[in-house]
Amino acid sequence: MSNAREAGRRWHDMGGKDAEAIAHGEHDFALWEKRVDALLRIATARGFFTVDGLRRVLEDMGEDTFETMTYYERWIASVTENLIEAGVISVDELNARMTEVEARGPTYGDAQGAGE
Amino acid sequence: MPHDHHDHLSPSGHPYRPDNDEALSYWQTMEIAVRELLVENGITTLAEINEQIEAMDRRSPADGAKVVARAWVDPAFKARLLADGSAAMKELGFEPDFMKLVVVENTDEVHNVVVCTLCSCYPRNLLGLPPDWYKTRAYRSRTVKEPRTVLSEFGLELAHDLRVQVHDSTADMRYLVLPRRPDGTEGWPEEKLAQIVTRDCMIGVAVPNPA
């Protein structure tokens with residue numbers, strides 16, 4: 001691969017790099033993860049942003065987040081950022097609601113709201 | 001705490017799902033808040049969110065397997081599938097949405113394998129959500145560089161004269177491998193054929209095993 005190719009290369013462009021052996025682990029997705037996925041599909045179906053918008057924020061979050069955050073943690077961060085940029089939700093209302101949600105209790109089950 | 005958690009019932013009266021009992025994380029808090037704000041602002045409804053999750057749960061590799069089995073028994077369908085995957089999957093009742101489906105055929109000369117080096121694009125409308133390993137740095141990095149080694153880590157040893165083609169997915173274009181129909185399956189009904197077509201066969205990290 002040429003030096004020019006390497007110079008412009010961002011962290012998410014992983015193809016062809018060296019890496020460890022494949023880890024075959026899998027997990028069933030938790031309800032909250034499926035909800036994040038559903039929110040993405042709904043938000044993109046409404047035209048608030050595209051999959052490219054999702055990726056732009058994920059990639060701008062940087063390489064560290066790929067190691068320190070789980071897949072759907074990164075996704076909800078990006079979905080939220082895109083919704084704020086699109087003017088669908090405001091930072092203030094988000095902050096206020098997150099404070100309120102946290103106060104409901106110590107587990108996701110306590111805090112999840114009227115989802116079911 | 002307004003309710004007694006020890007009975008393991010949620011405020012709605014349903015039992016907690018096991019994954020709801022862990023400590024609330026910052027990102028889960030964000031998901032709850034965003035979901036509630038979208039509902040309150042009239043952008044979506046709880047019913048729509050639940051319907052999306054149910055649709056997600058309904059999709060599985062069995063859907064892709066039906067497409068493969070049909071292609072194995074119906075040459076005209078196979079030709080249409082290879083020409084325009086999105087249109088052909090619709091014939092069997094599967095919705096491609098925005099996804100352009102490209103089906104790549106394994107033959108005696110070529111073995112195909114699918115990756116997304118840039119993110120995690122995957123033919124989810126036919127296979128469901130991608131497995132964790134598909135999204136790892138290791139799979140994304142190495143599959144385009146040393147596919148035979150990667151495949152051997154999945155237990156797939158390919159003959160040296162078989163050419164390996166690696167397909168790198170994009171957000172708008174998703175690849176599905178049409179595996180080679182194994183010898184010894186002549187005369188099998190379509191339903192039985194579908195049962196040997198696993199998710200990994202359609203990603204290209206395995207081949208169907210009729211045994």
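Throughout, protein chains are lettered first and strands after them, A, B, ... in sequence-line order, and every chain is numbered starting at 1. For clarity, every value in this text was computed on a predicted model and none was experimentally measured.
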Is chain B contacted by the side chain of [X], its backbone, both, or neither, given a heavy-atom distance below 4.5 Å?
X	value
E100(A)	neither
A23(A)	backbone
D28(A)	neither
V51(A)	side chain
I22(A)	both

Taking side chain as everything from C-beta outward and backbone as N, CA, C, O, which of these in [X] sits under 4.5 Å from a heavy atom of chain A? Side chain, backbone, both or neither.
X	value
Y26(B)	both
D57(B)	side chain
M56(B)	side chain

When rounded to the nearest 0.5 angstrom, what is the spacing between [atom1] in [X] and [atom2] in [Y]?
X	Y	atom1	atom2	value
L94(A)	M30(B)	CG	CE	5.5 Å
R55(A)	T170(B)	CZ	OG1	8.5 Å
K145(B)	K17(A)	NZ	NZ	10.5 Å
Y139(B)	M14(A)	OH	CE	14.5 Å
N50(B)	R35(A)	CG	CZ	7.0 Å
L37(B)	L83(A)	CG	CG	9.5 Å

Side-chain ion pair, [X] and [Y], N-O less than 4.0 Å:
X	Y	value
K34(A)	E54(B)	no
E20(A)	R140(B)	no
R137(B)	E63(A)	yes

Donor-acceptor contacts under 3.5 Å from residues 92-104 of chain B side chains, at least two apart:
{"residue": "E95(B)", "atom": "OE2", "partner": "D97(B)", "partner atom": "N", "Å": "3.1"}
{"residue": "D97(B)", "atom": "OD2", "partner": "R41(A)", "partner atom": "NH2", "Å": "3.0"}
{"residue": "D97(B)", "atom": "OD2", "partner": "N125(B)", "partner atom": "ND2", "Å": "3.0"}

pair I89(A)-I43(B): side-chain heavy atoms closer than 4.5 Å | no
Do W32(A) and W27(B) touch side chain to side chain, with heavy atoms closer than 4.5 Å?
->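 Touching, per the 4.5 Å side-chain cut-off.
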Quick one: which of E102(A), E93(A), R97(A), M69(A) has the most heavy-atom pairs under 4.5 Å with chain B, could you say?
->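 Option with the greatest count: R97(A).
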Which of R10(A), E67(A), R74(A) touches chain B most, by non-hydrogen pairs under 4.5 Å | E67(A)
All side-chain hydrogen bond (donor to acceptor under 3.5 Å, both in side chains) counterparts of R181(B), not counting sequence neighbours |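 For R181(B), the residues satisfying side-chain hydrogen bond (donor to acceptor under 3.5 Å, both in side chains) (neighbours in sequence not counted) are T185(B).
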Please give me the minimum heavy-atom distance between [X] and [Y], naming the atom from each residue.
X	Y	value
A33(B)	M98(A)	CB-CG, 3.6 Å
A38(A)	I53(B)	CB-CG1, 4.1 Å
Y108(A)	Q28(B)	CD1-CB, 3.6 Å
N41(B)	V88(A)	ND2-O, 3.6 Å
G105(A)	L24(B)	O-CD2, 4.0 Å
F66(A)	K135(B)	CZ-O, 3.7 Å

Most contacts with chain A, counted as non-hydrogen pairs under 4.5 angstrom, among A138(B), A55(B), P131(B), S141(B) | S141(B)
Evaluate salt bridge (Lys or Arg N to Asp or Glu O under 4.0 Å) for R104(A) paired with E36(B), printing each intermediate quantity in order.
-> CA-CA 14 Å; R104(A) 290 177 192 161; E36(B) 291 183 353; 2.8 Å; yes
Residues of residues 106-124 of chain B under 4.5 Å from chain A (heavy atom pairs)?
-> T117(B), L118(B), C119(B), S120(B), R124(B)
So which residues of residues 42-50 of chain A are in contact with chain B at a heavy-atom cut-off of under 4.5 Å?
-> I42(A), R46(A), F48(A)
